[in-house]
Amino acid sequence: MVTRSARKDREPAEQLPVARVCVDVPLAHLDRPFDYLVESADDQVARPGVRVKVRFAGQLVGGFLLERVESSPHTGKLAYLEKIVSPEQVLDPEVARLARAVADRYAGNLCDVLRLAVPPRHARVETQAPKALPNAADQEPATGEDETELDTGPEIESETRPEAGREIEREAGPETGPEAEREAGPETGPEAEREAGPEIEAGTEIELETGPETEREIGAESGSGRKGAVEVAPGEGWGAYTAGAAFLRGLSEGRALRAVWGALPGEDWARRIAEAAAATVRAGRGVVIVVADARDLDRMDRALGEALGSGQHVALNAALGPAERYRRFLQASRHQVPVVVGTRAAMWAPASKLGLVVIWDDGDDLHAEPRSPYPHAREVLLTRAQLSDCAALVAGFARTGEAQLLLETGWAKEISAPRDTLRLRSPAIAPTGDDPQLARDPGAATARLPSLAWQAARQALQHDTPVLVQVPRRGYLPNTACAECRTPARCPHCSGSLGLAGARDVPTCHWCGRAAAAYSCPNCGSRRLRASVTGARRTAEELGRAFPGATIRTSGRDEVLDHVPGEAAVVVATPGAEPTAEGGYGAVLLLDTWALLTRADLRAAEETMRRWLNAAALARSDGRVVVVADGGLATVQALLRWDPGWFAARELAERRELGFPPAVRMASVTGKAEAVAELLSAAKLPDGAELLGPVPADDEQERMLVRVNRGRAAEMAHALHEASGVRSARKAALPVRIEVDPAALF
DNA sequence: TCAATCCGTATC
DNA sequence: ATACGGATTGAC
């Protein structure tokens, strides 16, 4: 114990003797930096971003050194930093700013967010891993032969109209978004949030033309042979999309373009994203890509290897052990690679001169972090793009309400394919019509497979192509819908969904608890309701029996297949576990759709659409997709036309009407009744905040929802955080869980 | 009048 | 958790 035994002899550093530290204490009232003195011996290592140990209220706690300053406003005596854990600057200043903004948005603590953002240290790895080259980050990225060949085919005059690049900058550049101010002080509380991240005033919605108009806005093909310019062949790759080539060009010029990309069916999306990454790297900037699961990550990882060559990217996988995880994190942190790809946690990856953030399939619920303060990868990445003034790409086959909002407010621009391209690339998609439960085919071995589906599958098998059968998993919440027209039953008062506790019960709102005795369907006027839980258990094997002699494969929770060969086989998969097929599926069958469409979830329709599109996208362009549902339903219509944009606009409009996110901001407060009441009474909620509930939750707890318009979102989060600060300062024993943008609303 | 003790609150 | 300050108590 030689180190600090000579306590009396400690002298503060000459320059910037004060260190501002975020202590690892998850109490809301302590969510601010604390100042410590830096001992002169530590002067060189006590740099921003290092892990430290400090004495805090008598205890030794961990923390991050946020910054070095000349003096402290603290009137009392400052303690010294007890220890610099390591000189490794694991908390990048850009990430620190982001973390603060995210903590504010989600009414959470900075230290909680930092626990998500910075992986646990692994001392051995730190010393073993190669040290950073002084300028590894700034090296000129490789160009030429080992880059993806974007310029395929002969020189053809681009089809995108040659409008000035200036136009793009004005329209899509960050300076004209609803948040014109780029300097969003991350610690300035409520005001900051409206600027950081795509917080958009409800009143500022701008109608934008889609389709050809967008082309003029982002679409700009200069045609110049400028150095670093990206050439994209028309009709291929990004060239198949209106504004696609221009987006890529913008990235290669280092511009902060923001786009929502709807991928064509059959698209090699990972390759497209890898090309976008390569273009950004060419501009000398870094890239962060987030995908939902390990399968998508593998695919993205391979695509990046092909597009960038070796040593240009690192994959951060949740499944990695602590050592490997930290090793790869350090590669990013030390700026040894310009591109980072990974699942959720990769959204925090440090990058040198961040140029682009990408999220693939942002509707996947795996993008929602389950640990406090429950941030969503899309929101984190968009906030990051906003704060760091870099490009953003929100991508998927489907489009979420949130992505639609980005387009409607003008924060981002649309990248999608023109209708004729879509027609060429789409499989034939057809509904079986009417109630799936009743659609039975005498020729099929199981009575549950409608004939159209069965025929499409048979045909595909005869052509020696695989068939994908998507079957949702069971276990959705009991809920009600109109017995006549199947419109989900909603509470007339607050638009929560109506549930039936028992068969003879009066339908009761899942949100506000009000009974809706006089309920009648707003669509058809019927007063009869039916429970919409699915009773039928249908295993994959059972379904496979419809095709005697065919090879049956399953892919689901227990065992997920990555890829199947391009030969006759029936592949039964649950949503999200669909393997890709060599050359694409000859037929894709979407079954048990009733269960999906009537789920007691605000996002039921959106989620259904997403699952269908993700499965249908795996079909060959000359293949067939059969959805076992009524073709009159809007969700089905959107699928048939492959129009996720239309669907998302419709969804968003409906949510505006009902007062649902993302048209409004909601937060849930869950805990014992008295604790919830205590917190809410302490919260100085903004004007116009609505309280919904209480509704019972698990474990004798209850849940309240707070609803405000988007312009008040930051104030609401601030108020809730402050209120939990009052409680934590009082050592309130009963825990309360605050969730902004709760994953499930009821 | 002063020390011992209790309680609430801040934690640098 | 622990440390500290202010209030309270009780003995001289």
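Every chain is numbered from 1 and lettered A, B, ... according to where its sequence line falls, protein lines coming before strand lines.
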State whether Arg121(A) and Glu88(A) are salt-bridged, where the test is any N-O pair (Lys NZ or Arg NE/NH1/NH2 against Asp/Glu carboxylate O) under 4.0 Å.
no
Here the salt bridge (charged side-chain N to carboxylate O under 4.0 Å, His left out) pairs for residues 688-697 of chain A, sequence neighbours left out, are Glu690(A)-Arg707(A)
Only pairs under 3.5 Å count here: list side-chain donor-acceptor contacts from residues 342-350 of chain A, not counting sequence neighbours, and write none if there are none.
unit_1    : atom_1 : unit_2    : atom_2 : d
Arg344(A) : NE     : Glu369(A) : OE1    : 3.1
Arg344(A) : NH1    : Leu366(A) : O      : 2.9
Arg344(A) : NH1    : Ala368(A) : O      : 3.4

Does the side chain of Ser86(A) come under 3.5 Å of the side chain of Glu126(A) through a donor N or O and an acceptor N or O?
yes
Strand-adjacent residues in residues 69-79 of chain A, judged by heavy atoms under 4.0 Å from DNA chain B:
His74(A), Lys77(A), Leu78(A), Ala79(A)
Consider only side-chain N and O atoms of His376(A) and Asp362(A), and report whether a donor and an acceptor are under 3.5 Å apart.
no
Output all residues satisfying side chain to side chain contact (heavy atoms under 4.5 Å, CB included) with Ser40(A), sequence neighbours left out; order by chain, then residue number.
Glu11(A)
Report the distance from atom CZ of Phe56(A) to atom P of dC4(C), rounded to the nearest whole Å.
15 Å
NZ/NE/NH1/NH2 to OD/OE distance under 4.0 Å, Arg97(A) and Glu94(A)
no
For residues 24-34 of chain A, run the donor-acceptor check on the side chains, cut-off 3.5 Å, and write out each pair with its distance to 0.1 Å, sequence neighbours left out.
unit_1   : atom_1 : unit_2    : atom_2 : d
Asp24(A) : OD1    : Arg115(A) : NH1    : 2.7
Asp24(A) : OD2    : Arg115(A) : NH1    : 3.3
His29(A) : ND1    : Ser728(A) : OG     : 2.7
His29(A) : ND1    : Ala729(A) : N      : 3.3
Asp31(A) : OD1    : Arg100(A) : NH1    : 3.2
Asp31(A) : OD1    : Leu110(A) : N      : 2.9
Asp31(A) : OD2    : Arg100(A) : NH1    : 3.4
Asp31(A) : OD2    : Arg100(A) : NH2    : 3.0
Asp31(A) : OD2    : His721(A) : NE2    : 3.4

Interatomic distance where CG belongs to Leu66(A) and C1' belongs to dC12(B) [whole Å]:
13 Å
What protein N or O atoms touch nucleotides 7-10 of chain B N or O atoms at under 3.5 angstrom, if any, and at what distances?
unit_1  : atom_1 : unit_2    : atom_2 : d
dA10(B) : N6     : Lys731(A) : NZ     : 3.3

Mind calculating the distance between CD (Gln59(A)) and C1' (dC12(B)) to the nearest angstrom?
15 Å
